[in-house]
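Please read the structure below before turning to the comments.
Just so you know, these numbers use all the heavy atoms, side chains as well, and skip hydrogens, waters and symmetry mates. Nothing fancy with the numbering, it's 1 onward along the sequence.
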Amino acid sequence: MSRKIRVVVVDDSALVRSLLSEIINRQRDMQCVGTANDPLVAREMIRELDPDVITLDVEMPRMDGIDFLGRLMRLRPMPVVMISTLTERGAEVTMRALELGAVDFVAKPRVGLASGLNDLASQIVEKIRVAAVAQVRRAPSREVQPVEAGGGGSASTTTASHALLGRLSTEKLICIGASTGGTEAIKEVLVQMPADSPAIVITQHMPPGFTTSFAARLNGLCQITVKEASNGERIIPGHAYIAPGGTQFHVARSGANYVAVVDDGPPVNRHKPSVEVLFKSAAAVVGRNAFGIMLTGMGNDGAAAMHEMKQAGSYNYVQDEATCIVFGMPREAIAHGAADEVLPLGQIAPALISRLRGATDRLHHRI
């Protein structure tokens, strides 16, 4: 039998520590090797026990989870699953944790903690399994700085991205799908897009209550406007629209315009929102005017639909294995024959911009 995944649980609640330990120890492939009620105790425990994964509460005494995570990811990077509270502050802090290098998070219920955590048991252990095989990176030394529309710049923004793309962009639509590790990967793509970028539609696997903070954080960093998608709104250039957590999101056409459709459809590939739903609509509605981008994530959500996009004439980029936190969704997209180019994360936006600019130049030569 293969070695069990060794987990340390860090939480100031004795009840949560007990519940998580029990959930973990029920699994045949994992074991809770220790629990700590604050980060200072956890630090010694990690040194002694060398776990494969830790679960980390956000709000704790003596040192909060974010401070601890930042130090941990600088000094001893390892897979971390955050245990977050489903509040506005909890969501904002969770986005910061993902930025610092946490692999994923679980939203802790605000009431009925014992029954709520047990209801989430399958999700918790699945995220621990994914974290155990994730490629963890050292925390960034500094944050990307906010940019002004059409100017400024960021740590990862290429000079070329500031050049305008011009009139072609209204008919084009960029579609992005991601899961585990995707919040930072999406940021890496969006901060490089110019203010007159074609409209961008995004499905990131995320539960209700967290996409508002995700969109707000990106909006403060990007030249384009980033927002949660609203049902029925027109999709326009210079904007990115993120599927609200716990909904399905796809695009439709109303006359010459693309519009957002956000509804309470059933999970697809166990996900809500699902990349499959968004990409299928792009294949049907956008066709050869679509660009597909598949980023880091576990599983196969969106791979078949991305192939449908390619058959309908889209041009598709897939993140390479070396830069993925988890290579599952990109690997499946490649296996389905959906990729036109497989690129490191940092090269996807420049390649797309170059292709868009080439199309703009060809259009101008015809005029």
Output all residues satisfying salt bridge (Lys or Arg N to Asp or Glu O under 4.0 Å) with [X], sequence neighbours left out; order by chain, then residue number.
| X | result |
| --- | --- |
| D119 | none |
| E341 | none |
| E48 | none |
| D52 | R3 |

Does R331 have any side-chain contact (heavy atoms from CB on, under 4.5 Å) partners at least two apart in sequence or in another chain, and if so, which? E321, F327
Under the side-chain contact (heavy atoms from CB on, under 4.5 Å) rule, collect the residues that match up with A134, sequence neighbours excluded. V103, I325, V326
Under the ring pair (Phe, Tyr, Trp, His ring centres under 6.0 Å) test, which residues partner Y317, sequence neighbours left out? Y315
Applying side-chain hydrogen bond (donor to acceptor under 3.5 Å, both in side chains), can you list everything that pairs with Q123, at least two apart in sequence or on another chain? none
Please list all pairs passing the salt bridge (charged side-chain N to carboxylate O under 4.0 Å, His left out) test where one or both residues lie in residues 229-258, with sequence neighbours left out. K227-E233
Selection residues 288-303 - residue pairs positive for salt bridge (charged side-chain N to carboxylate O under 4.0 Å, His left out), sequence neighbours left out: none
Residues 275-285 vs side-chain hydrogen bond (donor to acceptor under 3.5 Å, both in side chains), sequence neighbours excluded, gives K280-E308
How does the hydrophobic cluster around V277 look, that is, which other residues are in it when side-chain heavy atoms under 4.5 Å mark a link? V268
